[in-house]
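Computed from a predicted model, the values in this text were never measured in an experiment. Residue indices begin at 1 and follow the sequence shown. Atom set for the values below is all heavy atoms of this structure, side chains included, hydrogens, waters and symmetry mates excluded.
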Amino acid sequence: MASSAQSGGSSGGPAVPTVQRGIIKMVLSGCAIIVRGQPRGGPPPERQINLSNIRAGNLARRAAATQPDAKDTPDEPWAFPAREFLRKKLIGKEVCFTIENKTPQGREYGMIYLGKDTNGENIAESLVAEGLATRREGMRANNPEQNRLSECEEQAKAAKKGMWSEGNGSHTIRDLKYTIENPRHFVDSHHQKPVNAIIEHVRDGSVVRALLLPDYYLVTVMLSGIKCPTFRREADGSETPEPFAAEAKFFTESRLLQRDVQIILESCHNQNILGTILHPVSNGNITELLLKEGFARCVDWSIAVYTRGAEKLRAAERFAKERRLRIWRDYVAPTANLDQKDKQFVAKVMQVLNADAIVVKLNSGDYKTIHLSSIRPPRLEGENTQDKNKKLRPLYDIPYMFEAREFLRKKLIGKKVNVTVDYIRPASPATETVPAFSERTCATVTIGGINIAEALVSKGLATVIRYRQDDDQRSSHYDELLAAEARAIKNGKGLHSKKEVPIHRVADISGDTQKAKQFLPFLQRAGRSEAVVEYVFSGSRLKLYLPKETCLITFLLAGIECPRGARNLPGLVQEGEPFSEEATLFTKELVLQREVEVEVESMDKAGNFIGWLHIDGANLSVLLVEHALSKVHFTAERSSYYKSLLSAEEAAKQKKEKVWAHYEEQPVEEVMPVLEEKERSASYKPVFVTEITDDLHFYVQDVETGTQLEKLMENMRNDIASHPPVEGSYAPRRGEFCIAKFVDGEWYRARVEKVESPAKIHVFYIDYGNREVLPSTRLGTLSPAFSTRVLPAQATEYAFAFIQVPQDDDARTDAVDSVVRDIQNTQCLLNVEHLSAGCPHVTLQFADSKGDVGLGLVKEGLVMVEVRKEKQFQKVITEYLNAQESAKSARLNLWRYGDFRADDADEFGYSR
């Protein structure tokens, strides 16, 4: 604005007023105006000019809140029309003015002219001519200006204009309403239709005082969805502006103050109205302008009521952020450090980790964990809702967690999705109440145009995280999430439902032998059962959820031998076999969290079920063999899938890949000629039976080499006595030969079969065939002088030929007890009948009576006969079958209820 009035002039004559220029900011009344200058690097200076020589009525004034006895002062007649006359004529216009008088208190009186010089319209004369102001009482017309005022007043009187018209002017007095009894009803009654208004005051960039027309409600209006920097009131009553608060206020003032506008009333907050202010001429929207210019930020608590769509506000804010305008001058985007290819990409969903996290496979083949932005999965409310003695299973024990996981699993698993990274949440250390979190990539995931997080929230299966207003690390579709949550709450969906929460009673029978044994016949009879793969331990070991039976089981793939994976144990690392990781990854990618079909055939000692798994009609065992990640196990011989497995294995062998990389085809002439024989070969040799296993296999020592073993053991023990091993110095590894101290206190040669922990090492005594679990302190290094190169392992494993071992535990135990009683630690005669993939099958005779041990088991009804079709065995098979018929007739053991084979043989583990 031009410099302040000069009182200059020569000392010998009257002062000549200086003409100054400015822009009308505000009309306080019919005779008081605020003029501002041009902005230069900030809000411009301003000053109040009171019109000289005239008087207009006073506007209404509300009683001060600090004076409870004071009363509101109403308008004087014609005061408001006078103000309106000047407001419509002057607001935002350029004027020139002269200062004629300045009081000791600083009040300035002068003349204002519309335009750039004093030739323009004299505002005081116009007011008087319209009958909206009068000359000051006692003023004499002793100069041209005062003469013109006097003439204007006389003309107004003659024309009966304004206050000179008939009546007392009571119709010009407004009925101002400073409060609204029911703000919510008031807002709703306007049905979001624009209301005409005048902006009377600008508190800050986003809060104004408006006069609603035509009913003269004086209300505070807060702009919906945004907040500008404010003026903080200090203890001494002064105000301290936040950065850009003054600039934001001037931005709004220069466009809205005392302008005619339209306001869309959208909501209310106490006595304050939330709304959007529109300029009726330009249709400008101050809310979006403030955001776009960097004078405001979006606020979550009111953005949802913005009728023109929250996305417009977010887009305007984004525009300012990208250009770092004003309040965003130090802004750094949450994904500023990411390349474009890492911000947006397409990936395949491989696993749903939780109700808010997924694992995806990138085009590069890498795996990445993605957390859904700004949502929180279901969680336990309160501290006492969970039994402290029971281990928490979040998927089943937290209400709606299972429903949320299933929603994501069915929607996403195996599908390609679009990922837009919103922010990277940095790693946080653990505190007393909060666990540590690693760095998390948070993104918006869409499939087919559907925002998965929004769909999850709308079903009430997740909630939206609330942030601090200055926290920019949030979803790029945060407003849609809030709207979806509001819908879910309104409709009582999921977490917001007042119904009882769903309970999932899922029995975990993994490793529970007793439960598994009870469940086995049911699964065997069920044939193919539907299942969901919950976890993949290795290429052939999985955890399944059976929805129909609502239970979890551990499932082993039948018919194959898959490489074993590495295991991390306390103080030890058990290395995996070659291609174990590839096999695990193959199975994971193919079946993890997919719906599959399983056929259960049997179970092992640990309560794990064994059988076949089908995915989209394909047999997983066959697929693993086909991709050279497994070999066919001899147990597949009796399966209907045996031919498929052999065919797949043969094709894999020819490619010489992975597990068959070092495969060398055996010459035809090396094939054992036993199968070609026409007559049974009976060549019994003396052996000493040292161990009987639970599956009716047995270990023997060759009597001819017995003295060599005794001598080696004697020398080895003498060596150990002179150089005893240091406890704890030996670190066992699977497959290694070592020495182990048996319960009798003596040392024996052994092989490490499994390292469960330093206190649990599974060993196999190679010269006797028995097994034991020992601590590592009872193991030592095997000296090369006593290694298997000096004397091979003396215990050889065999199985009985021509008999079927009962699969029923009780029946098998009876058979094993009989054999242990008859032949363990005795000398017998052994003849190899035929070879098998596991171990040779033999017949065993008592050394003294030459009686057939296997035939004796058949005669006692403890086992059934395995019928073989080779010609050379027909004579002995006939003998075995006759013995079986005798046992059946006598109702011995297995046959005590008659011939059960017709209906139940498969169930009990037998075949005819």
Side-chain angles (χ1 to χ4, degrees), residues 349-359 369-413 425 428 430-438 440 442-443 445 451-467 475 481-482 484-489 491-510 512 531-536 543-554 592-595:
V349 179
M350 305 307 297
Q351 185 180 2
V352 177
L353 290 180
N354 204 329
D356 69 336
I358 58 176
V359 176
T369 300
I370 301 293
H371 291 259
L372 299 179
S373 299
S374 300
I375 69 168
R376 180 178 284 118
R379 55 183 178 177
L380 282 177
E381 298 296 337
E383 298 179 359
N384 302 318
T385 55
Q386 181 65 25
D387 184 356
K388 293 181 180 179
N389 297 322
K390 181 183 175 184
K391 185 179 178 182
L392 177 69
R393 298 181 301 171
L395 183 61
Y396 308 110
D397 296 337
I398 296 178
Y400 293 102
M401 179 71 86
F402 182 76
E403 285 78 6
R405 199 290 301 263
E406 283 297 275
F407 175 79
L408 294 181
R409 183 186 69 79
K410 291 176 180 177
K411 279 274 186 189
L412 302 182
I413 285 294
R425 182 71 72 188
S428 59
T431 64
E432 292 182 1
T433 56
V434 180
F437 285 103
S438 57
R440 286 172 287 172
C442 300
V445 177
N451 182 344
I452 290 299
E454 184 182 349
L456 203 61
V457 171
S458 68
K459 289 183 176 293
L461 300 176
T463 54
V464 182
I465 298 171
R466 267 43 180 195
Y467 296 97
S475 169
L481 295 181
L482 289 174
E485 186 176 55
R487 290 196 303 272
I489 293 172
N491 298 326
K493 294 285 188 72
L495 292 163
H496 315 292
S497 173
K498 292 181 172 58
K499 300 177 183 177
E500 285 191 19
V501 297
I503 298 172
H504 299 282
R505 293 186 174 89
V506 178
D508 189 351
I509 59 177
S510 300
D512 190 328
V532 176
V533 179
E534 290 290 353
Y535 193 78
V536 175
K543 177 169 272 194
L544 305 181
Y545 169 66
L546 305 180
K548 190 176 177 182
E549 294 78 15
T550 61
C551 68
L552 293 166
I553 65 170
T554 301
L592 182 59
Q593 291 187 337
R594 309 289 181 93
E595 293 172 2

How far apart are the closest heavy atoms of [X] and [Y], and which atoms are they?
X: P399; Y: P378; result: O-CB, 3.2 Å
X: A488; Y: V457; result: CB-O, 3.4 Å
X: L481; Y: V464; result: O-CG2, 3.5 Å
X: R487; Y: S458; result: NH2-CB, 4.2 Å
X: I375; Y: A453; result: CG2-CB, 4.0 Å
X: A404; Y: L461; result: CB-O, 3.7 Å

task: Apply side-chain contact (heavy atoms from CB on, under 4.5 Å) to H371 and N354, showing your working.
output: CA-CA 9 Å; H371 291 259; N354 204 329; over 6 Å; no

Atom pair [atom1] ([X]) and [atom2] ([Y]), whose distance is rounded to the nearest 0.5 Å:
X: I452; Y: I358; atom1: CD1; atom2: CD1; value: 8.0 Å
X: R393; Y: L552; atom1: CZ; atom2: CG; value: 6.5 Å
X: I465; Y: E485; atom1: CD1; atom2: CD; value: 10.5 Å
X: L482; Y: E454; atom1: CG; atom2: CD; value: 10.5 Å
X: M401; Y: D356; atom1: CE; atom2: CG; value: 7.5 Å
X: C551; Y: L544; atom1: SG; atom2: CG; value: 9.5 Å

query: When you look at V506 and L395, which way does the side-chain contact (heavy atoms from CB on, under 4.5 Å) test go after all the steps?
result: CA-CA 10 Å; V506 178; L395 183 61; over 6 Å; no

query: Is there side-chain contact between V445 and V349, with at least one heavy-atom pair below 4.5 Å?
result: no

- prompt: Do T369 and Q351 have side chains that get closer than 4.5 Å, going by heavy atoms?
  reply: no

Any donor-acceptor N/O pair, [X] side chain to [Y] backbone, under 3.5 Å:
X: D508; Y: S510; value: yes
X: R425; Y: F437; value: no
X: Q593; Y: V352; value: yes
X: Y535; Y: K543; value: no

statement: Partner of E534 under salt bridge (charged side-chain N to carboxylate O under 4.0 Å, His left out), picked from R405, R594, R409, is R405

query: How far apart are the C-alpha atoms of Y545 and T550, what are their side-chain angles, what is the distance that settles it, and do they pass the side-chain contact (heavy atoms from CB on, under 4.5 Å) test?
result: CA-CA 7 Å; Y545 169 66; T550 61; 4.1 Å; yes

query: With distance as the sole criterion, is a donor-acceptor pair present between the side chains of S373 and S475 under 3.5 Å?
result: no

task: Please state whether the rings of F402 and H504 are parallel, tilted or perpendicular, taking 30° and 60° as the class boundaries.
output: tilted

